[in-house]
Amino acid sequence: MNQFERVAFYTLGCKLNFSETSTIARLFEEGGFAKVEFDENPDIFVINTCSVTENADKKCKQLVKRAKIISPESMVVILGCYAQLKPDEISKIPGVDLVLGANEKFNVLAHLKKQSQVKIVHQNIKHTHEFIPSFSLGDRTRSFLKIQDGCDYFCTFCTIPLARGKSRNAGIDKTVFEAERIAKTEVKEVVLTGVNIGDFGQGGDENFFGLIQALDKVDGIERYRISSIEPNLLSNEIIEFCLNEAKRFVPHFHIPLQSGSDVILEKMRRKYKTALFADRIAQIKKFNPNTCIGVDVIVGFPGETNEDFLATVDFLKSLDISYLHVFTYSERANTGAPKLGAKVPMEVRRERSKILHLLSDKKKSNFYNSQIGMTKTVLFEQDNNDGWLHGFTENYVKVKTPFSSHLVNQLCSIQLTEIDRDGLMKCNILTNFA
Ligand code: SF4
């Protein structure tokens, strides 16, 4: 019998964290623990933290406080990127029992003995070489498969290499084996996630192109989406394979640009200039003009002048892209960026963010409008949203239809009809492939 029996999880941050929480939860279940909701009086709380999230410390503190109100006698475990970066800071949060660094998080079961003092199990990130494949099985429709971890790029604004270590992955065979495990479940769509997934293989015998070719052969998975890939690693052969040859890869890319000013890209230590980025977009659109392209951009990087920002706006306007993810730059400890230029005042950062959010809305609306009348395949999800069922087409148009339980987790051929007031696309259902 376990000293503790009921465990609840909370994940902050990215899809990678979600896939890892899911894997850690399965380890607990295999160890005889019952997984419960956060407010169901668990004996153990596991909080998987993020270093990128604004106010990671505040969020972590709030969650620990909430956990202790729900179950005062519980054990609270903190792991994830914030735990790797600031273990001592976390250990001082009242209520925390165990802090696990990057190397130890998958060993959590071995450290569960509640002690009178906070226990920290942590190693310098330089010693983290292990790669644990992970995948999420939170909902029936979609799974996030972690294919790679860490990053060797050291962009000047980013703490991820400090929190997650060197770029590494399992071999293609092992990754395909994980995909086959997912294929045996009800999940129909797999999102390939990682920190720098295009770096799969790190220049060795295997590479990302070889991986996606192998994954495409796994029966039982209907769709793969690539979560985000660096533009300099998105080769012509990857683009052509995904858009022209693959059976299961969808026409959707998410590519980080970060700035439309070459001066700022240089300061960020990004590995490309705007010309390469524009060329990648053109290449994608050449193979399939209906491909959805999302782009990450950061506003307010140190030294970003009005001219730099306007160059970003003009560059983004010139690209045939579908939406933006806008991030407001915030200073991170132990990164080079703050020394590279004058601090951009917070109100200017906010204003720039607002301008790009408006541009994103416009891009998205143009993209959605361009799709009206087309026949696409949608994968409907499971939640009933006030009588509506939502799903995404292969090219990432978010679709709604009146809720019907027989459509849940089904791929349907649909015709896109009109954009509703909430910005979602209405559709006519043509065929249900179930
Ligand atoms: S590529 Fe740059 S931004 Fe992305 S994880 Fe690596 S260091 Fe961070």
If I take atom NZ from residue Lys86 and atom OG1 from residue Thr159, how far apart are they, to the nearest 0.5 angstrom? 9.0 Å

Sole candidate of Arg168, Lys166, Lys174 that passes side chain to side chain contact (heavy atoms under 4.5 Å, CB included) when paired with Phe131: Arg168

In plain terms, say whether Glu347 and Arg350 are close enough for a salt bridge, that is, a side-chain N and a carboxylate O under 4.0 Å apart. no

Would Phe106 and Ile24 count as a side chain to side chain contact (heavy atoms under 4.5 Å, CB included) if you check the C-alpha gap in whole Å, the side-chain angles of each, and the deciding distance to 0.1 Å? CA-CA 6 Å; Phe106 291 100; Ile24 293 166; 3.8 Å; yes

Is the backbone of Tyr82 close enough, under 3.5 Å, to the side chain of Thr49 for a donor and an acceptor to pair up by distance? yes

With rounding to the nearest 0.5 Å, note down the distance linking CD in Gln213 to CZ in Phe249. 9.5 Å

For His325 and Phe327, take the angle between the two ring planes, folded into 0 to 90°, and tell me which bin it lands in: parallel under 30, tilted 30 to 60, perpendicular over 60. perpendicular

Any heavy-atom pair between the side chains of Phe301 and Val344 that's under 4.5 Å? no

Are the side chains of Gln84 and Arg164 in contact, using a 4.5 Å heavy-atom criterion? no

Does the side chain to side chain contact (heavy atoms under 4.5 Å, CB included) test come out yes or no for Ile147 and Phe208, once each step is laid out? CA-CA 10 Å; Ile147 59 159; Phe208 185 70; 3.7 Å; yes

For the backbone of Cys292 and the side chain of Asn395, can you confirm whether one donor and one acceptor N or O come within less than 3.5 Å of each other? no

Going by atom types alone, do Arg142 and Asn409 pair a side-chain donor with an acceptor below 3.5 Å? no

Between Glu180 and Lys184, does at least one N-O distance fall below 4.0 Å, as a salt bridge requires? no

Given Ile284 and Leu234, is the side chain to side chain contact (heavy atoms under 4.5 Å, CB included) satisfied, shown in steps? CA-CA 10 Å; Ile284 292 169; Leu234 182 57; 4.0 Å; yes

Can you check side chain to side chain contact (heavy atoms under 4.5 Å, CB included) on Leu233 and Asn196, steps first, answer last? CA-CA 9 Å; Leu233 297 173; Asn196 187 350; 3.4 Å; yes

More than 12 heavy atoms of other residues, nucleotides or ligands under 6.0 Å from NZ of Lys15: yes or no? no

OG (Ser143) and CZ (Phe135) are apart, to the nearest 0.5 Å, by 6.5 Å

Give a yes or no on whether Glu37 atom CD has more than 12 heavy-atom contacts from other residues, nucleotides or ligands under 6.0 Å away. no

Got more than 12 heavy atoms from elsewhere within 6.0 Å of NZ, Lys35? no

Residues Ser167 and Gln202: side-chain donor-acceptor under 3.5 angstrom: yes

For Ile125 and Ala163, which heavy atoms make the closest approach, and how far apart are they? CD1-O, 3.4 Å

What distance separates Glu130 CD from Asn107 CG, expressed to the nearest 0.5 Å? 7.0 Å

Which atom pair, heavy atoms only, marks the closest approach of Ile321 to Leu316? CD1-CD2, 3.9 Å

Cationic N near anionic O, under 4.0 Å, Glu230 to Lys271: no

Residues Asp262 and Thr274: side-chain donor-acceptor under 3.5 angstrom: yes

So for atom CD, which belongs to Gln117, do other residues, nucleotides or ligands contribute more than 12 heavy atoms lying within a distance under 6.0 Å? no

Can you tell me if CZ on Phe177 sees more than 12 non-hydrogen neighbours from other groups inside 6.0 Å? no

Restricting to pairs with a member in residues 194-214, which pass salt bridge (Lys or Arg N to Asp or Glu O under 4.0 Å), not counting sequence neighbours? none

With Glu20 as reference, evaluate Ser136, Ser134, Cys14 under the side chain to side chain contact (heavy atoms under 4.5 Å, CB included) test and give the passing residue. Ser134

Side-chain (Asp383) to main-chain (Asn385) donor-acceptor, under 3.5 angstrom: no

Test of understanding: with salt bridge (charged side-chain N to carboxylate O under 4.0 Å, His left out), list the residues that count as partners of Lys354, not counting sequence neighbours. Glu351

Could you report the tightest heavy-atom contact between Phe157 and Arg332, atom names first, then the distance? O-CG, 3.9 Å

Can the positive tip of Lys398 be found less than 6.0 Å from the middle of the six-membered ring of Tyr368, inside 45° of the ring normal? no

Specify whether Phe38 and Tyr10 have parallel, tilted or perpendicular ring planes, treating 30° as the upper limit for parallel and 60° as the lower limit for perpendicular. perpendicular

What orientation do Phe277 and Tyr272 show, parallel under 30°, tilted 30 to 60°, or perpendicular over 60°? tilted

Is it true that Arg26 and Thr23 share a donor-acceptor pair across their side chains at a distance under 3.5 Å? yes

Would you say Glu394's side chain and Thr377's backbone share a donor-acceptor pair under 3.5 angstrom? yes

Does any non-hydrogen side-chain atom of Arg248 lie less than 4.5 Å from one of Arg223? no

Rounded to the nearest 0.5 angstrom, the NZ-OG1 distance for Lys146 and Thr193 is 8.5 Å

Of all heavy-atom pairs between Cys151 and Val195, which one has the smallest distance, and what is that distance? CB-CG1, 3.7 Å

Smallest heavy-atom separation, Gly95 atom then Val76 atom, equals O-CB, 3.5 Å

Are more than 12 heavy atoms from other residues, nucleotides or ligands located less than 6.0 Å from atom CG of Asp422? yes

Any donor-acceptor pair under 3.5 Å linking the side-chain atoms of Asp308 with those of Thr305? yes

Tell me whether Lys119 is salt-bridged to Asp97, with the criterion being a basic N under 4.0 Å from an acidic carboxylate O. no

Of all the heavy-atom pairs spanning Pro231 and Pro256, show the shortest one and how long it is. CD-O, 3.4 Å

Would His254 and Asp296 count as having a side-chain donor-acceptor pair, cut-off 3.5 Å? yes

CG on Asn48 to OG on Ser19, rounded to 0.5 Å: 9.0 Å

Taking 4.0 angstrom as the limit, do Lys273 and Glu266 come out as a salt bridge? yes

